[in-house]
Amino acid sequence: MSQLQTRPIQLYYWPTPNGWKISIMLEECGLPYEVNPVNIGRGDQFKPAFLALSPNNKIPAILDPEGPDGAPLSVFESGAILQYLGRKTGMFYPADERGRVEVDQWLFWQMAGLGPMAGQAHHFRIYAPEKIPYAIERYTKEVHRLYGVLNARLADRPFLAGDYSIADIACIGWAKLWERQGQDIKEFPHFAGWLERVLARPAVKRGLALNAEDRTKIDFATDKQAQSVLFGQRPPG
């Protein structure tokens, strides 16, 4: 269905594990898109134009000029965007209910578990100005547990839901950063094999490379302004 898209989807993006989910999905589906960088280290996510699309002031978001019935549609939250694009294209998201439930379980596992826990591991291991041993140990151990779950799941199948799907796309950006999370991939051979298979996909490589140079512009471990913007957020108003 992707060839039916005549106007590009607008992708609001920064090269992070959550941003990569959507750049990879757009590349996998072959959908035309344009990138609108949202510099999360300089506060672009709080600008009114972006908040109109993503009221939670988080990337990614999309604006599809050819949404349902041809009317424009904006979507925020990476999991919701993956599901939307999967339904729109009929790709990487099964049409049958059993298959869809299989994918959704692992998509939400990532959204509720792997992403938040790996993010906290990153924060306390790398970015926190004070090294708090309890927090570092807590989140490092939880990521270890989650990778054990992932490893067991992949022991008898090539991808999380059997066939490659949005569940794998959701996980890969976080999983490839296992070393930053204090993990030893040798403990998880099935996870390691899955990681290699997914990272070898051409569309995954393109999605991960999108605006990759922007990741080097700001060092969140040392840039106090960026830390204040990203880690000191308060509700609007």
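Cluster annotation: Val143 and Ile185 are assigned to the same hydrophobic cluster (Ile/Leu/Val/Met/Phe/Trp/Tyr, side-chain heavy-atom contacts under 4.5 Å, transitive). In the hydrophobic clustering of this structure, Val101 does not group with Val149; members are Ile, Leu, Val, Met, Phe, Trp, Tyr whose side-chain heavy atoms approach within less than 4.5 Å, directly or through other members.
When every heavy atom of Pro17 is checked against every heavy atom of Arg215, the shortest pair comes out as CD-NH1, 4.4 Å. Taking both residues in full, the closest heavy atoms of Ala118 and Trp174 are given as CB-CE3, 3.7 Å, listed atom of the first, atom of the second, then distance. Across all non-hydrogen atoms, the minimal contact from Gly207 to Glu27 is N-CG, 4.0 Å. Between Gln83 and Phe108, the shortest heavy-atom distance links the atoms NE2-CE1, 3.8 Å. Residues Cys29 and Thr89 share a closest heavy-atom pair of SG-OG1, 3.6 Å. Here the shortest heavy-atom pairing between Asp96 and Gly99 reads OD2-N, 2.7 Å.
Atoms CG and CG, from Asn36 and Leu63 in turn, are 9.0 Å apart once rounded to the nearest 0.5 Å. A distance of 11.5 Å separates CG of Leu11 from CG of Leu31, quoted to the nearest 0.5 Å. Going from atom CD of Gln5 over to atom CG of Leu26 covers 9.5 Å, rounded to the nearest 0.5 Å. The CG atom of Leu73 sits 10.0 Å away from atom CD1 of Ile9, with the distance rounded to the nearest 0.5 Å. The CE atom of Met25 lies 12.0 Å from the OG atom of Ser78; values are rounded to the nearest 0.5 Å. Taken from OG in Ser74 to OH in Tyr12, the straight-line distance is 9.0 Å, to the nearest 0.5 Å.
By the 4.5 Å heavy-atom criterion applied to side chains, Gln45 and Ser54 are not counted as neighbours. Residues Glu66 and Leu4 form no side-chain contact, since every pair of their non-hydrogen atoms from C-beta on lies 4.5 Å or further apart. Side-chain contact between Thr140 and Gln183 is present, with heavy atoms from C-beta onward closer than 4.5 Å. Looking at Ile132 and Phe124, their side chains come closer than 4.5 Å, going by heavy atoms from C-beta outward. Inter-residue side-chain proximity for Lys205 and Leu199 is flagged as unmet; no heavy-atom pair is nearer than 4.5 Å. By the 4.5 Å heavy-atom criterion applied to side chains, Val198 and Phe159 are counted as neighbours. Side-chain contact between Ile59 and Tyr13 is absent, with no heavy-atom pair separated by less than 4.5 Å. Using a 4.5 Å heavy-atom cutoff, the side chains of Asn18 and Pro60 are in contact.
A donor and an acceptor atom, one from each side chain of Tyr147 and Gln181, are located under 3.5 Å apart. Looking at Trp194 and Asp168, their side chains do bring a donor and an acceptor atom within 3.5 Å of each other.
For Arg157 and Asp163, the salt-bridge test fails: no basic side-chain N is under 4.0 Å from an acidic carboxylate O. The pair Arg100-Glu97 does not count as a salt bridge, with every side-chain nitrogen at least 4.0 angstrom from each carboxylate oxygen.
Counting only distance, with no hydrogens or angles, the side chain of Asn39 and the backbone of Gly41 share a donor-acceptor pair below 3.5 Å. No donor-acceptor distance shorter than 3.5 angstrom exists from the side chain of Asn56 to the backbone of Lys58, with no hydrogens or angles considered. A donor-acceptor pair under 3.5 Å links the side-chain atoms of Arg197 to the main chain of Pro158, judged by distance alone.
The local environment of CD in Glu213 is crowded, with over 12 non-hydrogen atoms from other residues, nucleotides or ligands closer than 6.0 Å.
Residue pairs that meet the ring-ring contact (aromatic ring centres under 6.0 Å, His included) test with at least one member in residues 58-97, sequence neighbours left out, are Phe92-Tyr164. Applying the salt bridge (charged side-chain N to carboxylate O under 4.0 Å, His left out) test to residues at least two apart or on different chains, none of the pairs has a partner in residues 124-136.
With sequence neighbours excluded, the residues forming a side-chain hydrogen bond (donor to acceptor under 3.5 Å, both in side chains) with Lys141 are Glu137, listed by chain and number.
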Subject >> Derivation of the side chain to side chain contact (heavy atoms under 4.5 Å, CB included) call for Asp44 and Phe50 >> reply: CA-CA 8 Å; Asp44 288 356; Phe50 181 69; over 6 Å; no
**OP:** Test Cys171 against Trp109 for side chain to side chain contact (heavy atoms under 4.5 Å, CB included), laying out the working first.
**Re:** CA-CA 9 Å; Cys171 291; Trp109 176 85; 3.9 Å; yes
Original post:
After noting the C-alpha distance and the side-chain angles of Arg153 and His190, does the key distance pass the side chain to side chain contact (heavy atoms under 4.5 Å, CB included) rule?
Top reply: CA-CA 8 Å; Arg153 174 67 176 177; His190 306 302; over 6 Å; no
Original post:
Please walk me through it: do Asp64 and Lys88 pass side chain to side chain contact (heavy atoms under 4.5 Å, CB included)?
Top reply: CA-CA 11 Å; Asp64 183 359; Lys88 178 184 177 73; 2.9 Å; yes
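Only one option out of Leu82, Leu107, Leu85 pairs with Ile169 in a side chain to side chain contact (heavy atoms under 4.5 Å, CB included); it is Leu82.
Between Trp178 and His144, the gap from one ring centroid to the other reaches at least 6.0 Å.
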